[in-house]
Amino acid sequence: MPSHEDRPTGGDVLGYPRRGGPTVLRILLGNQLRRLREARGISTEQAGYEIRGSHSKISRMELGRVGFKERDVSDLLTLYGVEDPAERSALLELAREANTPGWWHRYGDVLPGWFETYLGLEEAASLLRSYELQFMPGLLQTQDYARAVIRLGFPEEAADEDVEPRVHLRMTRQARFTEPGAPTLWSVIDEGVLHRPLGGRGVMRGQIEHLLEMAELPNVTLQVVPFEAGGHAAAGGPFTILRFAEPGLSDVVFMEQLTSALYLDKPSDVDVYMRAMNHVCITALRPDDTVQRLRDILRSM
């Protein structure tokens, strides 16, 4: 059994930034609990029995997919031999913070639960790499373009109160990418997206002008996969890879579906998508050539 000096401690996570709100804090605390459990050689079944639950509940806790009851965390810390009062207090405080709603909670009436997880990951990410072949990347959309995309999911006569909160949420997500210390955004867009007339000619002109402005930012890289590139490894569908500065968080691949989403964090899965992303970046126009292609399209409109 590892000695106390070799055992992971609460100090491993307490210095992490609180970006990402409860989503990331749950993942960090879950990782810490898993390391503590494994260091003591305790099975998930044993841990589940200790908190009057099942091994699957322990697994969900360790993956950060559920909230934490302080009593459960306290009982697990006792089981795992965490006796230092300062360490226990710090981890219990982290559990309380992990149950605090994120800033997006105020959009709860229009926000599907499966997307809240992504917002927390997006908020915490230091690098986001996305590939899009149907719409402009959400983080690069203008208000008018976003409005046109969002209205596709509603009847033609949908009221503004159904659409505008969703537009505002998307604009709020974008704000941090133009602030000091902004994360890096690297987006690859299929050229077909640039020719698909969502919202009309004026909306598309404004959208492409916005892409040109965003491409000038030092933290934004934009590439277009031209029609002449033919097929490529990422043709199966859009996806986003999120990377985090915090060592306790692994890369995550996010794929949105009509009524749900997939979150992949197993290294074997992430590696497949990373290779596909790297390949499509090689296939795409270089950033300077992308800017020229956008200007050409704009002139032809």
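Closest non-hydrogen pair, Ile42 versus Ala47, comes out as CG2-N, 4.1 Å. Closest approach of Arg201 to Met301, counting heavy atoms only: NH2-O, 2.7 Å. Of all heavy-atom pairs spanning Arg173 and Leu119, the tightest one is CD-CD2, 3.4 Å. Considering every non-hydrogen atom in both Ala125 and Pro183, the closest pair reads O-CB, 3.4 Å. Contact detail for Ala261 and Glu256: the closest heavy-atom pair is CB-CA, 4.2 Å. In plain terms, the two heavy atoms of Gln174 and Leu139 that are nearest each other are CG-O, 3.4 Å.
Grouping the Ile, Leu, Val, Met, Phe, Trp and Tyr side chains by contacts below 4.5 angstrom, directly or via other members, places Leu298 with Leu222. There is no path of hydrophobic side-chain contacts, each under 4.5 Å, that joins Trp104 to Ile150. Linking ILVMFWY side-chain heavy atoms closer than 4.5 Å, directly or via other members, places Val188 and Met274 in a single hydrophobic cluster. Note on Val167: it does not cluster hydrophobically with Val110, by side-chain heavy-atom contacts below 4.5 Å among ILVMFWY residues. When hydrophobic clusters are built by joining Ile, Leu, Val, Met, Phe, Trp and Tyr residues whose side-chain heavy atoms come closer than 4.5 Å, directly or via intermediates, Leu94 is grouped together with Leu79.
Listed by chain and number, the residues in a side-chain contact (heavy atoms from CB on, under 4.5 Å) with Val66 are Arg60, Met61 (sequence neighbours excluded). Evaluation of the side-chain hydrogen bond (donor to acceptor under 3.5 Å, both in side chains) rule for Glu179 yields no partner, not counting sequence neighbours. For Glu116, the side-chain hydrogen bond (donor to acceptor under 3.5 Å, both in side chains) criterion is met by no residue, not counting sequence neighbours. Under the salt bridge (Lys or Arg N to Asp or Glu O under 4.0 Å) criterion, Asp289 pairs with Arg286, not counting sequence neighbours. Every residue two or more places apart in sequence or in another chain was checked for a salt bridge (Lys or Arg N to Asp or Glu O under 4.0 Å) with Arg88, and none qualifies. Thr184 meets the side-chain hydrogen bond (donor to acceptor under 3.5 Å, both in side chains) test with no other residue; sequence neighbours excluded. When the salt bridge (Lys or Arg N to Asp or Glu O under 4.0 Å) test is applied to Arg293, the partners found at least two apart in sequence or on another chain are Glu191, Glu228. For the ring pair (Phe, Tyr, Trp, His ring centres under 6.0 Å) test, no residue two or more places apart in sequence or in another chain qualifies with Phe177. Taking the salt bridge (Lys or Arg N to Asp or Glu O under 4.0 Å) definition, one finds that Arg52 meets it with Asp72, Asp75, sequence neighbours left out. Qualifying ring pair (Phe, Tyr, Trp, His ring centres under 6.0 Å) partners for His55, counting only residues two or more places apart in sequence or in other chains: none. Listed by chain and number, the residues in a side-chain hydrogen bond (donor to acceptor under 3.5 Å, both in side chains) with Lys69 amount to none (sequence neighbours excluded).
With hydrogens and angles disregarded, a donor-acceptor distance shorter than 3.5 Å links the side chain of Arg196 to the backbone of Gln134. Remark: side-chain polar atoms of Arg40 are not paired, donor with acceptor, to backbone N or O of Leu36 under 3.5 angstrom. Side-chain atoms of Gln207 come within 3.5 Å of backbone atoms of Thr142 as a donor-acceptor pair (strictly under, hydrogens ignored). A donor-acceptor pair under 3.5 Å links the side-chain atoms of Thr283 to the main chain of His279, judged by distance alone.
Within the model, atoms CG of Leu128 and CZ of Phe254 stand 11.0 Å from one another, a figure rounded to the nearest 0.5 Å. Here CG of Asp251 is found 9.0 Å from CG of Asp271. Values are rounded to the nearest 0.5 Å. One finds the CZ atom of Arg96 at 10.5 Å from the CG atom of Leu91 (value rounded to the nearest 0.5 Å). Within the model, atoms CD of Glu38 and OG1 of Thr44 stand 10.0 Å from one another, a figure rounded to the nearest 0.5 Å. Put simply, CD1 on Ile27 and OG on Ser250 are 8.0 Å apart, with the number rounded to the nearest 0.5 Å. Taken to the nearest 0.5 Å, the OH atom of Tyr145 stands 9.5 Å off from the CD1 atom of Ile208.
When each of Arg34, Arg37, Arg35, Lys57 is tested with Glu62 by the rule salt bridge (charged side-chain N to carboxylate O under 4.0 Å, His left out), just one qualifies, namely Arg37.
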Does the side chain to side chain contact (heavy atoms under 4.5 Å, CB included) test come out yes or no for Met136 and Leu194, once each step is laid out?
CA-CA 8 Å; Met136 301 288 179; Leu194 305 174; 3.5 Å; yes

Phe227 and His195: side chain to side chain contact (heavy atoms under 4.5 Å, CB included), yes or no, with the steps?
CA-CA 11 Å; Phe227 288 136; His195 296 276; 3.7 Å; yes

Decide side chain to side chain contact (heavy atoms under 4.5 Å, CB included) for Leu217 and Leu185; before the verdict, give the C-alpha distance in whole Å, the side-chain angles of both, and the deciding distance to 0.1 Å.
CA-CA 10 Å; Leu217 297 177; Leu185 178 62; over 6 Å; no

Could you give me the CA-CA distance, side-chain angles and deciding distance for Leu152 and Phe135, then say whether side chain to side chain contact (heavy atoms under 4.5 Å, CB included) is met?
CA-CA 12 Å; Leu152 292 176; Phe135 304 114; 3.7 Å; yes

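Residue-environment remark: CZ (Phe154) exceeds the threshold of 12 foreign heavy atoms within 6.0 Å. More than 12 heavy atoms of other residues, nucleotides or ligands shown are found within 6.0 angstrom of CZ on Arg106. With a 6.0 Å radius and a threshold of 12 heavy atoms from other residues, nucleotides or ligands, Arg151 has its CZ atom above the threshold.
Contact check for Leu140 versus Ser187: side-chain heavy atoms found under the 4.5 Å cut-off. Considering only heavy atoms from C-beta on, Tyr118 stays 4.5 Å or farther from Val252 through its side chain. Contact check for Val149 versus Arg170: side-chain heavy atoms found under the 4.5 Å cut-off. Using a 4.5 Å cut-off on side-chain heavy atoms (C-beta onward), His168 and Met171 make no contact. Annotation: side chain of Leu76 is in contact with side chain of Ile58 (closest heavy-atom distance under 4.5 Å).
A donor-acceptor pair shorter than 3.5 Å cannot be found between the side chains of Thr117 and Thr23. Side-chain N/O atoms of Trp103 and Glu123 include a donor and acceptor closer than 3.5 Å. Looking at Gln292 and Asp296, their side chains do bring a donor and an acceptor atom within 3.5 Å of each other.
Each side chain to side chain donor-acceptor pair (under 3.5 Å) pair with one or both residues in residues 210-227, not counting sequence neighbours, appears once here: Trp186-Gln223.
Below 30°, between 30° and 60°, or above 60°: for Tyr273 and Phe239 the angle between ring planes is above 60°, a perpendicular geometry.
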